[in-house]
A.B. asks: 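Have a look at the structure that comes next, please.
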Amino acid sequence: MASIQETLKQRFQTALASAFGASYAETDPILGVSSNPKFGDYQANVALSLAKPLKQPPREVAQAIASALVVDDLCETPTVAGPGFVNLTLKPAYLAQWLTQVQSDPRLGIAPTAHPQRVVVDFSSPNIAKEMHVGHLRSTIIGDAIARILEFQGHDVLRLNHVGDWGTQFGMLITYLREACPEALTTSDAVDLGDLVVFYKKAKQRFDEDEAFKETARQAVVKLQSGDAESLKAWGLLCDQSRREFQVIYDWLDIELTERGESFYNPYLADVLTGLIEAQLLVEDAGAQCVFLEGYSNKAGDPMPLIVKKSDGAFNYATTDLAALRYRIGQDKADRILYVTDAGQATHFAQFFQVAQRAGWVPDTVTLTHVPFGLVQGEDGKKLKTRSGETVRLKDLLDEAIARTRSDLQQRLQTEDRTETEDFIEQTARTVGLGAVKYADLSQNRTSSYIFSYDKMLALQGNTAPYLLYAYVRVQGISRKGNIDFSALGDTPLVLEEETELTLVKHLLQLADVVEQVSQDLLPNRLCQYLFELSQKFNQFYDRCPVLQAEEPQRTTRLVLSETTARSLKLGLSLLGIKTLERM
RNA sequence: GCGCUUGUAGCUCAGUGGAUAGAGCAACCGCCUUCUAAGCGGUCGGUCGAUGGUUCGAUCCCAUCCAAGCGCGCCA
């Protein structure tokens, strides 16, 4: 089933061609949801922009379009309003027909994409030997949501965890452990991740202060990258330790990833250099192998290089990123590669994309996109820290959200004199708490920073996960109370009359267009906004339209409306990686 | 110095080349004999950072400026 906007767009293009000639068959009708319900449901603004080339007053152009438009199966007679808007109002009969069709459609009327692509989504990417912290929250949550949306559309998605398992930090860590805790390098489970983090901090301190240590550490990286057996064993142990800890978080958050760290590309690093030589881009400067960039200058105004091999012989992240890019295009056959990282890395991506393009490694059919996001800030507007000024561990952050939800819930149970099992309380607290953290992040415009607040994300009112989950729960309440089997409602014809019913179904109809839009602009907050408005519209309907006590055909109509709302919420939330509950 | 991002209601944030710029929170006023009131309705609240320009039309596009944040040769 084509989405409503897709259908209307085609109708407009047919009308444009018949009114002004075949050359207008591809013209964008500039269609959108009406700015105000009093103007109808959809509006096309194309007449205003066509007035000049056609040398006709915009209202006449609009009138010509409206006259040529064949939409009587969907809409009331189109009207021309204002300076030249064509306004459309959907017919209740069409809406009822749509609702009937969608009732038996598990995809809720959202067709899979006609052009499936192989998409790599590179996200999360924590560093080995460090704990996952707030800094990984956004990449993990946003990347997962984007992957889910593209998967739902029918794209072949490869979710890659480009873990930092190969860089300078290993030189430091191995060098430090060799003197401080040698058994960690030879025995599995000799230390846990918490200890490793402490060691890492100390190693980093030594690295910054002690020149001799720095040199030894650098040599250790080169040794590791050249395949030294002892180094590799130590490295493997450290990675295993970290990996287990990461998995705990991923399990909590219900996130699936294929780990393919920086080390994976080690065998391909030399080819990057060879390739750059072939492309005649590689230049040696101050002992380092680099490619000079177009359009970037340093503080002195001189051209800036992208360094692919350091003067000490070690490769760095730019080399790894280039190797990964080649592998993803060449071996993974990616058509679209998305990098979900913080906005601070924008320059790096632009630079290495440029080098890859100039080297001729990116076919025209492949798109590379950096999907940037802003910082998670504390209430003070600065980067989120604990009270003692430490980085906030992701695990602690999630724990806190669950704990606060649990205590809110218990308090509410007490005031409402309800009794629930421990299991119910635990399940609810986890689903709501984790959902709230995810939703709070996803509902912000990705590109800007946001202020992290447990109070706001867990609030029961407003644009929050609990509000949406409650709307879902309300429908489950109806079906429980009425003992409704939604799969056996019979074939009562649906009749939409009440204002809140029509408003609700018109909103339900928009899900397909919203999903399509989000898959293009990669802004999950638009889906959040849609789901929030859906919940509001459902609550208004719920407030004014009794369901179970209504007479037929209202009763069946309202049951279908409720159920379709619930399924839309569940689907939408699932695309955001958020689970629903039957009761809360 | 160069580059990127952000600046919209008291607060947190949406939003769009088009018809009176939206929501939530906060404040205040209403609504439970009825499917969970974790809800609904209403009131209050704005020179869309500033100034120019493009356009029939700019909060949106362009330029300049102001403010905040971030990045800028061997970290990722």
Side-chain angles (χ1 to χ4, degrees), chain A residues 30 32 34-36 38-39 43 45 48-49 51-52 57-58 81-85 87 125 127 162 164 167-169 204 207 218 262 285-290 295-302 304-312 314-318 320-321 341-348 350-351 372 374-375 377 381-383 408-409 412 416 418 432 443-445 447-451 453 455-456 459-464 466-467 469-471 473-482 484 525-526 528-529 532-533 535-536 539-540 542-549 558 562 583-584:
Chain A
I30 316 182
S34 289
S35 56
N36 186 320
K38 80 178 180 194
F39 300 130
Q43 64 180 66
N45 302 340
L48 292 152
S49 61
K52 187 167 270 185
F85 302 109
N87 289 338
S125 309
N127 290 313
H162 192 75
T168 311
Q169 80 263 30
K204 172 81 169 111
F207 186 85
R218 281 191 176 143
E262 294 171 346
D285 190 71
Q289 302 292 319
C290 9
Y296 293 90
S297 55
N298 62 17
K299 287 166 194 168
D302 300 321
M304 228 174 69
L306 183 78
I307 293 174
V308 290
K309 190 170 186 182
K310 304 194 281 184
S311 53
D312 65 8
F315 298 107
N316 62 6
Y317 63 100
T320 310
D321 281 338
T341 80
D342 70 275
Q345 294 186 46
T347 310
H348 165 66
Q351 292 177 345
L375 293 174
Q377 300 174 322
K382 292 181 184 163
K383 204 167 170 180
D408 286 353
L409 177 62
R412 200 157 47 79
E416 291 176 10
R418 280 168 62 185
V432 175
S443 60
Q444 304 289 322
N445 183 313
T447 52
S448 43
S449 299
Y450 77 96
I451 293 177
S453 160
D455 289 337
K456 284 194 172 139
L460 311 166
Q461 55 281 106
N463 188 5
T464 65
Y467 179 84
L469 291 171
Y470 179 62
V473 160
R474 280 186 138 177
V475 179
Q476 307 316 308
I478 294 173
S479 55
R480 239 190 340 270
K481 185 95 173 189
I484 306 297
N525 64 300
R526 300 214 158 138
C528 294
Q529 188 67 29
F532 174 55
E533 286 169 9
S535 303
Q536 285 182 312
N539 279 329
Q540 288 158 4
Y542 181 92
D543 202 49
R544 275 161 233 173
C545 298
V547 178
L548 294 171
Q549 294 98 318
R558 289 173 184 175
S562 301
R583 291 193 303 127
M584 62 190 277

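Only this structure's heavy atoms are used, side chains among them; waters, hydrogens and symmetry mates stay out. Chain letters run A, B, ... following the sequence lines, proteins first, then strands; residues in each count from 1.
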A.B. asks: Using OP1 and OP2 only, check whether a side-chain N or O of A:Gln444 sits under 4.0 Å from B:U12.
C.D. replies: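 For B:U12, neither OP1 nor OP2 has a side-chain N or O of A:Gln444 closer than 4.0 Å.
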
A.B. asks: Using a cut-off of strictly less than 4.0 Å, decide whether A:Arg474 has a side-chain nitrogen or oxygen near OP1 or OP2 of B:A37.
C.D. replies: yes

A.B. asks: Would you say A:Arg526 reaches B:C13's phosphate, i.e. side-chain N/O to OP1/OP2 under 4.0 Å?
C.D. replies: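 For B:C13, OP1/OP2 do not have a side-chain N/O of A:Arg526 under 4.0 Å.
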
A.B. asks: Look only at the side chain of A:Gln169 and the backbone of A:Gly164, and say whether a donor-acceptor pair between them is shorter than 3.5 Å.
C.D. replies: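 Judged by distance alone, yes, a pair lies under 3.5 Å.
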
A.B. asks: Reading nucleotides 24-34 of chain B 5' to 3', which nucleotides get B (base under 4.0 Å from a protein heavy atom), which S (sugar-phosphate only), which -?
C.D. replies: SS--------S

A.B. asks: In whole angstroms, how far is the C1' atom of B:C35 from the CZ atom of A:Arg558?
C.D. replies: 12 Å

A.B. asks: For B:A14 and A:Ser448 - does any side-chain N or O of the residue sit under 4.0 Å from the phosphate oxygens OP1/OP2?
C.D. replies: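 Answer yes for this pair, as a side-chain N or O of A:Ser448 is under 4.0 Å from OP1 or OP2.
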
A.B. asks: Does the A:Thr464 side chain pair with the main chain of A:Leu460, one donor and one acceptor, at a distance under 3.5 Å?
C.D. replies: no

A.B. asks: Counting only distance, no hydrogens or angles, is the base of B:A19 paired donor-acceptor with the side chain of A:Gln43 under 3.5 Å?
C.D. replies: yes

A.B. asks: Rounding to a whole Å, what distance do you find between A:Tyr467:OH and B:C40:P?
C.D. replies: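 Atom OH in A:Tyr467 sits about 4 Å away from atom P in B:C40.
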
A.B. asks: Please work out if A:Ile451 contacts a base, only the sugar-phosphate, or nothing of the nucleic acid, heavy-atom cut-off 4.0 Å.
C.D. replies: sugar-phosphate

A.B. asks: Report yes if a side-chain nitrogen or oxygen of A:Asn36 is closer than 4.0 Å to either non-bridging phosphate oxygen (OP1 or OP2) of B:A21; otherwise report no.
C.D. replies: no

A.B. asks: Provide, to the nearest angstrom, the distance between the CZ atom belonging to A:Arg480 and the P atom belonging to B:C35.
C.D. replies: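 It is 13 Å, rounded to the nearest whole Å.
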
A.B. asks: Does A:Asn445 make a side-chain N or O approach to OP1 or OP2 of B:G15 shorter than 4.0 Å?
C.D. replies: yes

A.B. asks: Write down the distance separating the P atoms in B:G30 and B:C35, rounded off to the nearest Å.
C.D. replies: 24 Å

A.B. asks: Between A:Gln351 (CD) and B:C2 (C1'), how many Å, whole number?
C.D. replies: 12 Å

A.B. asks: OH of A:Tyr542 versus P of B:C40: gap in Å, rounded?
C.D. replies: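 Between P of B:C40 and OH of A:Tyr542: 11 Å.
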
A.B. asks: Classify the side chain of A:Asp342 versus the base of B:A76 as yes if they form a donor-acceptor pair under 3.5 Å and no if they do not.
C.D. replies: no

A.B. asks: Assuming nearest nucleotide by heavy-atom distance, tell me which of A:Ser297 and A:Gln345 is located more 5' along RNA chain B.
C.D. replies: A:Ser297

A.B. asks: Between A:Thr447 and A:Asn445, do the side chains contain a donor N or O and an acceptor N or O under 3.5 Å apart?
C.D. replies: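 Judged by distance alone, the side chains do pair up.
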
A.B. asks: Using whole Å, report how far CZ of A:Phe85 lies from P of B:G57.
C.D. replies: 14 Å

A.B. asks: Holding to side chain to side chain donor-acceptor pair (under 3.5 Å), I want the full list of residues that pass it with A:Tyr317, two or more places apart in sequence or in another chain.
C.D. replies: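 By the side chain to side chain donor-acceptor pair (under 3.5 Å) rule, A:Tyr317 matches no residue at all.
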
A.B. asks: Please work out the stems of RNA chain B from pairs that are Watson-Crick or G-U wobble with both distances under 3.5 Å, keeping only runs of three or more consecutive pairs.
C.D. replies: B:1-7 with B:66-72, B:10-13 with B:22-25, B:27-31 with B:39-43, B:49-53 with B:61-65

A.B. asks: Name the residue closer to the 5' end of RNA chain B, choosing between A:Cys545 and A:Cys290 according to the nucleotide with the nearest heavy atom.
C.D. replies: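 Nearer the 5' end of the strand: A:Cys545.
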
A.B. asks: Report the distance from atom CG of A:Asn539 to atom C1' of B:A23, rounded to the nearest whole Å.
C.D. replies: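 Answer to the nearest Å: 15 Å.
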
A.B. asks: Quickly work out the A:Gln529 CD to B:G15 P distance and round it to whole Å.
C.D. replies: 8 Å

A.B. asks: Would you please say whether a donor-acceptor pair under 3.5 Å links the side chains of A:Gln536 and A:Asn539?
C.D. replies: no

